[in-house]
Amino acid sequence: MASTQFSSPRSHAAQATMAVSGKPGSVKGGCSFGRAVNFSRKHHKGGLRVRNVATRLPETQVLPETQVSPEKGGGNERKLAAWTSIRQERWEGELAVQGEIPLWLNGTYLRNGPGLWHIGDYNFRHLFDGYATLVRLHFQDGRLIAGHRQIQSEAYKAAIKNKKLCYREFSEVPKTDNFLSYVGELASLFSGASLTDNANTGVVRLGDGRVVCLTETIKGSIIIDPDTLETMGKFEYSDTLGGLIHSAHPIVTESEFWTLLPDLVKPGYIVVRMEPGSNERKVIGRVNCRGGPAPGWVHSFPVTEHYVVVPEMPLRYCAQNLLRAEPTPLYKFEWHPLSKAFMHVMCKASGKIVASVEVPLYVTFHFINAYEEKDEDGRVTGIVADCCEHNADTTILDKLRLQNLRSFSGEDVLPDARVGRFTIPLDGSPYGKLEAALNPDEHGRGMDMCSINPAYLGKTYRYAYACGAQRPCNFPNTLTKLDLVEKKAKNWFDEGAVPSEPLFVARPGATEEDDGVVISMVSDKNGEGYALLLDGRTFEEIARGKFPYGLPYGLHGCWVPKK
């Protein structure tokens, strides 16, 4: 099958852009279901229109002068704000909206991600190194208030104060003056004192309403105020489990909080649960690794109604890499294909392992969802778990170096990816399956940064929303709606732009799985950017709000409903 084609016609929204900015503009977009089609806005009766006008921008609060010099890179970093540091520590204002925001959409979308990639004249190397920038989109009565603010982690505050790196980031290590200092730094590593608390990966709303920003270090769990974006303090666990790292993506609902604690000493994973309103993690069970020499990376994991699925991939933690002062191509991990790959299934109620199967080699950052398969009598016969799978190719990690992202020359260098579907039998069989859930050409053979309707978490589902690719590219550059029943995809594309993870928000009272809106933030051409709303059903654009300047690329977000 040929690659999915996208269309980018000039639209009526150009007139709306002129109305706001006083100069011509254009909006490009496309939707396809395996074929090229025009981006229709018939339901707008003449195209997107200006809903309201932005407030006057407040005076900027610029970061210290040493923090705002542009990063040295090649190619397009001056044209695309996605890979450049945030311009100032905080900002807030109302955005001009083209189109119409649904009046039922009342609440706050929060997005977390690395946003400051240099200290003084020193430039960080990897996308995951940057200090956390939290962005807020507040929707109320058809209006959109936006803002951003740096999370006040100890790592960030120390770097700003001392004008140098003070904690270990994803690929960065503080420079030591002599051998004794290096020995002391290693001791701090083993104790966890030198590990970063830079909570730059995700943000979740707990069942009791607290909002926590997270990264893979346990100390990097920080409570924030979703209304002001103020850093409130550390989220500290009251139990005695200890540990230095955990899954960056816990499973969080109104009634549950599940996460995995990798055990680097006795290779395995501890499965823990936490009640809403509590800071105490309780151990449900343990999974021992079947391969070695260390547990596989668990950035995320899926659950079903009755089971926790624990992935064990051959991209494993590596103590030697952690000790090195300079990063290796796989950073703190090492590829061990001979150790094989496995999927484990644990009962939520008993903590017993009900399946442990070998599967084909895989590499994934993000699981999409999982559900139980049942026979005619209602007995569970297997588990289906979907993920954004990188064809067992570890090079995706190194492709995320900032130098690579900033120096796109038009060559197609993004490694292929797919929706990887695991089938895990519960009949005692030693092997499971891993196949593509739909033809990867439907989404341009790019796949990552996913969300679903949260009401379908752990249940049989049909739709997912993710970032795909319009080739050639060096990073996912489309938004895609995946239909896992029809095995088709609808794709939205704005040439030259980079959208962040799409988040689905269901319409109150909706009975259909895709009845809602999809929210994303887009780094546009020429250093600009905007917030984007797509119709969850048609995947057509219904509204956008332009930021006063382009924002850095962000990672993961959450929805905080109106109180």
Side-chain angles (χ1 to χ4, degrees), residues 190 192 216-218 237 239-251 256-274 281-304 306-322 330 332-365 367 370 372 380 382-385 387 389 392 394 420 422-434:
F190 287 119
E216 293 193 344
T217 63
I218 290 176
Y237 295 99
D239 54 67
T240 59
L241 293 179
L244 299 178
I245 56 176
H246 58 179
S247 170
H249 294 281
I251 301 295
E256 293 184 314
F257 178 104
W258 294 88
T259 194
L260 302 181
L261 308 180
D263 186 342
L264 303 182
V265 178
K266 184 183 178 182
Y269 311 92
I270 300 170
V271 180
V272 300
R273 184 180 186 273
M274 192 169 67
R281 299 166 297 180
K282 295 184 178 179
V283 175
I284 302 301
R286 176 187 168 90
V287 174
N288 292 322
C289 289
R290 290 180 56 183
W297 185 24
V298 283
H299 186 71
S300 68
F301 65 98
V303 300
T304 69
H306 302 102
Y307 301 100
V308 177
V309 181
V310 180
E312 182 187 345
M313 67 176 172
L315 183 61
R316 299 181 181 272
Y317 294 97
C318 177
Q320 292 88 343
N321 287 2
L322 283 170
L330 292 181
K332 55 190 175 185
F333 311 107
E334 198 168 51
W335 182 241
H336 288 274
L338 295 182
S339 72
K340 300 180 181 179
F342 306 93
M343 296 289 281
H344 312 279
V345 179
M346 177 182 290
C347 175
K348 286 182 177 179
S350 68
K352 293 182 179 179
I353 300 172
V354 300
S356 180
V357 300
E358 182 183 342
V359 294
L361 301 183
Y362 63 97
V363 169
T364 184
F365 299 165
F367 279 85
E372 300 161 12
V380 180
I383 303 292
V384 172
C387 70
E389 204 278 306
T394 62
F422 293 96
T423 304
I424 308 168
L426 299 186
D427 60 0
S429 301
Y431 299 103
K433 296 180 181 178
L434 172 59

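Atoms considered below: every heavy atom in the structure, side chains included; atoms not considered: hydrogens, waters and symmetry mates.
Closest approach of Pro295 and Cys289 over heavy atoms only: CA-SG, 3.5 Å. The nearest pair of heavy atoms linking Gly296 to Tyr317 is O-CE1, 3.5 Å. Taking every heavy atom of both residues into account, Ser300 and Phe367 meet most closely at OG-N, 3.0 Å. The heavy-atom pair separating Pro314 from Ser339 by the smallest distance is CB-OG, 3.9 Å. For the pair Leu260 and Pro311, the tightest heavy-atom approach, listed with the atom from each and the gap, is CD1-CD, 4.4 Å. Closest of all the heavy-atom pairs between His306 and Glu372 is N-OE2, 2.8 Å.
Taken from OH in Tyr362 to CG in Leu315, the straight-line distance is 10.0 Å, to the nearest 0.5 Å. A distance of 13.5 Å separates CD1 of Ile270 from NE2 of His246, quoted to the nearest 0.5 Å. Taken to the nearest 0.5 Å, the CG atom of Leu264 stands 8.0 Å off from the CG atom of Leu244. One finds the CG atom of Asp263 at 10.5 Å from the OH atom of Tyr269 (value rounded to the nearest 0.5 Å). For the atom pair Leu361 CG and Met313 CE, the distance stands at 11.5 Å (nearest 0.5 Å). Rounding to the nearest 0.5 Å places CG of Leu434 at 6.5 Å from SG of Cys387.
Looking only at side-chain heavy atoms (C-beta outward), Ile251 and Phe301 come within less than 4.5 Å of each other. With a 4.5 Å cut-off on side-chain heavy atoms, Lys282 and Asp239 do not count as touching. Within the 4.5 Å cutoff, side-chain heavy atoms of Ile218 are placed close to those of Arg281. Residues Val380 and Tyr307 are in side-chain contact: their nearest non-hydrogen atoms beyond the backbone lie under 4.5 Å apart. Contact of the Thr304 side chain with the Ile383 side chain is registered, since non-hydrogen atoms from C-beta on lie closer than 4.5 Å.
In this structure Phe365 satisfies the ring pair (Phe, Tyr, Trp, His ring centres under 6.0 Å) test together with Trp297, His390, sequence neighbours excluded. In terms of the side chain to side chain donor-acceptor pair (under 3.5 Å) criterion, Trp335 has no residue partners (sequence neighbours excluded). Applying the ring pair (Phe, Tyr, Trp, His ring centres under 6.0 Å) rule to Tyr237 yields the partners Phe235; only residues at least two apart in sequence or on another chain are considered. By the side chain to side chain donor-acceptor pair (under 3.5 Å) test, Ser356 pairs with Arg290, His344, sequence neighbours left out. For Glu256, the side chain to side chain contact (heavy atoms under 4.5 Å, CB included) partners at least two apart in sequence or on another chain are Thr253, Trp258, Arg273, Lys348.
Sorted by first then second residue, the salt bridge (charged side-chain N to carboxylate O under 4.0 Å, His left out) pairs that include residues 306-321, not counting sequence neighbours, are Glu312-Arg316.
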Could you walk me through whether Val308 and Ile284 satisfy the side-chain contact (heavy atoms from CB on, under 4.5 Å) test, starting with their C-alpha distance in whole Å, then the side-chain angles of each, then the deciding distance to 0.1 Å, before giving a yes or no?
CA-CA 10 Å; Val308 177; Ile284 302 301; over 6 Å; no
Evaluate side-chain contact (heavy atoms from CB on, under 4.5 Å) for Tyr431 paired with Val357, printing each intermediate quantity in order.
CA-CA 5 Å; Tyr431 299 103; Val357 300; 5.7 Å; no
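At distances below 3.5 Å, at least one donor-acceptor pair connects side-chain atoms of Asn321 with backbone N or O atoms of Phe333. Proximity of a side-chain donor or acceptor of Ser247 to a complementary backbone N or O of His299 within less than 3.5 Å is detected.
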